[in-house]
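In what follows, chains are A, B, ... by sequence order, proteins preceding strands, each numbered from 1. Just so it is clear, the structure is predicted and the values come from calculations on it, not from any experiment.
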Protein chains: 2
Amino acid sequence: MERYRKINLKLTPQRMAIFDYLDGNKAHPSAEQIYRGIRKKFPTTSFATVYKTLEALKKKGQIHELTIDESRRRYDPDTNYHHHLICLDCKSIVDVNIDFNITIPDDQKYSYDVIGNHIQFFGVCPKCRDNHDSQK
Amino acid sequence: MERYRKINLKLTPQRMAIFDYLDGNKAHPSAEQIYRGIRKKFPTTSFATVYKTLEALKKKGQIHELTIDESRRRYDPDTNYHHHLICLDCKSIVDVNIDFNITIPDDQKYSYDVIGNHIQFFGVCPKCRDNHDSQK
DNA sequence: GTTACTGCAAAGCTTTTGCATCCCT
DNA sequence: AGGGATGCAAAAGCTTTGCAGTAAC
């Protein structure tokens, strides 16, 4: 929470609710999940405010936008370098905190400046695996 | 082209144009780029047909859908295991054909079955770098 | 002759935007 | 007081779908 006070954003109740929802959140929520989550605390918040706040936080470098889920953007308040493992079935996402030492040799860079990387792991979570099993 | 004859899809002229456009294509085109590309050859093709054909090809395992570009899906006719490097500016994508040996230790898998992975590299392409430089 | 594909238009979803009002600082 | 934030509704993209007509097999 402390981090959000120092980034030149006005601290409105709606934003406090969003910050609070994101703080320590490991679920990699979508905008809609955030919207639904904070409306429990602050029921008049609009979708537009959620999106605008997420955009502001992204610009300030306080959150990352994940493109691993094809159907919607997911947000991650953990901005430390790490990777992700997604369930192909339910789209649940967990962190992968391993520092793979991956760099591209110059002769394969096509003269691009390489700035960063992110590994997407695909799999099936235990819950979805059990569901499949029980359908046999 | 030969590969598309053997997958139980009716060979319509529209599809032939799409197959032909995708064949050997290293640009990782979006649906719209494909649409515009094939209309040069077959001008009455509709967007719906493009999307439906891409969906059919995906189900048959003949193309991969990339989620690396946040604003639209990109399609890759190269289904061999490889990674991608995207320009953060113009969203151009090039292949990275290196086999990084990445696996997740069991104690970090959260009991997921891990099926595959894909590395997204981010950077700036030479063209966009030059544009930036000339603006100084 | 069947079955599947095409094309159009409409609809569906996620995300963005304009603008009047409101409220942090 | 002033500038930024909110909320509503409308719009903007991208993608999907229903359906009648058509073409591949």
Side-chain angles (χ1 to χ4, degrees), chain A residues 1 4-22 28-60 62-76 91 93, chain B residues 1 4-22 28-60 62-76 91 93:
Chain A
M1 292 300 296
Y4 299 117
R5 297 214 172 81
K6 302 173 178 172
I7 52 177
N8 280 327
L9 294 180
K10 284 191 180 172
L11 288 180
T12 64
Q14 294 88 336
R15 285 181 168 176
M16 298 286 269
I18 295 174
F19 299 161
D20 197 44
Y21 182 87
L22 288 176
H28 311 84
S30 64
E32 191 187 350
Q33 285 176 305
I34 296 167
Y35 171 76
R36 284 207 292 249
I38 62 170
R39 280 179 71 98
K40 291 174 188 166
K41 286 193 177 179
F42 207 88
T44 66
T45 310
S46 70
F47 244 113
T49 295
V50 172
Y51 275 109
K52 286 169 183 169
T53 298
L54 290 171
E55 178 64 21
L57 287 174
K58 190 176 62 170
K59 276 190 181 161
K60 299 282 185 178
Q62 296 300 311
I63 58 173
H64 283 166
E65 210 172 64
L66 307 181
T67 59
I68 189 174
D69 179 347
E70 69 206 12
S71 64
R72 54 183 52 75
R73 297 184 192 167
R74 307 278 290 260
Y75 296 90
D76 193 344
K91 311 300 180 189
I93 298 174
Chain B
M1 292 301 295
Y4 300 117
R5 296 214 172 81
K6 302 174 178 171
I7 51 176
N8 280 327
L9 293 179
K10 286 191 180 172
L11 286 181
T12 65
Q14 294 87 336
R15 285 181 169 177
M16 299 285 268
I18 294 174
F19 299 161
D20 196 45
Y21 182 86
L22 287 176
H28 312 85
S30 64
E32 192 187 347
Q33 287 176 304
I34 295 167
Y35 171 76
R36 286 207 291 248
I38 62 170
R39 280 179 70 98
K40 293 175 187 166
K41 286 193 177 178
F42 206 88
T44 66
T45 311
S46 71
F47 243 113
T49 296
V50 172
Y51 275 110
K52 284 169 184 169
T53 298
L54 289 171
E55 178 65 21
L57 287 174
K58 190 177 63 171
K59 275 189 182 161
K60 299 282 185 179
Q62 296 301 310
I63 58 172
H64 282 166
E65 211 172 64
L66 306 182
T67 59
I68 190 174
D69 180 347
E70 68 205 12
S71 63
R72 54 183 53 75
R73 296 184 194 170
R74 306 279 289 260
Y75 296 89
D76 193 344
K91 310 300 179 188
I93 298 173

Protein-nucleotide distance ([X], atom [atom1]; [N], atom [atom2]), rounded to Å:
X	N	atom1	atom2	answer
R39(A)	dC8(D)	CZ	C1'	12 Å
M16(B)	dC5(C)	CE	P	15 Å
R15(B)	dA23(D)	CZ	P	15 Å
I38(B)	dC5(C)	CD1	C1'	13 Å
E55(B)	dA4(C)	CD	P	16 Å
R72(B)	dT15(C)	CZ	P	14 Å
F42(A)	dA5(D)	CZ	P	15 Å
E70(B)	dG13(D)	CD	P	15 Å

Atom pair [atom1]/[atom2] of [X] and [Y] - distance to nearest 0.5 Å:
X	Y	atom1	atom2	answer
Q14(A)	R39(A)	CD	CZ	11.0 Å
Y75(B)	Q33(B)	OH	CD	12.0 Å
H28(A)	D69(A)	NE2	CG	11.5 Å

Between N or O atoms, less than 3.5 Å apart, protein on one side and nucleotides 20-25 of chain C on the other: list the pairs.
unit_1, atom_1, unit_2, atom_2, d
dC24(C), O2, K10(A), NZ, 3.3
dT25(C), OP1, L11(A), N, 3.0

Partner of S30(B) under side-chain contact (heavy atoms from CB on, under 4.5 Å), chosen from R74(B), R73(B), R36(B):
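Of the listed options, the one satisfying the test is R74(B).
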
Near DNA chain C, which residues from residues 45-53 of chain A have a heavy atom under 4.0 Å away?
A48(A), Y51(A), K52(A)

When you check the phosphate oxygens OP1 and OP2 of dC14(D), does a side-chain N or O of R73(B) lie under 4.0 Å from one of them?
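R73(B) to dC14(D) OP1/OP2: no side-chain N or O under 4.0 Å.
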
Residue pair [X] / [Y], side-chain heavy-atom distance below 4.5 Å:
X	Y	value
L54(A)	L22(A)	yes
F42(A)	I18(A)	no
L9(B)	L57(B)	yes

Check for a donor-acceptor pair, side chain of R15(B) on one end and backbone N or O of K10(B) on the other, with a separation under 3.5 Å.
yes

Between the axis at one end of the helix from dG1(C)-dC25(D) to dT25(C)-dA1(D) and the axis at the other (five pairs apiece), what's the angle to 10 degrees?
40°

Identify whether any heavy atom of S30(B) sits under 4.0 Å from a base atom; if not, whether one sits that close to sugar-phosphate; answer base, sugar-phosphate or nothing.
nothing

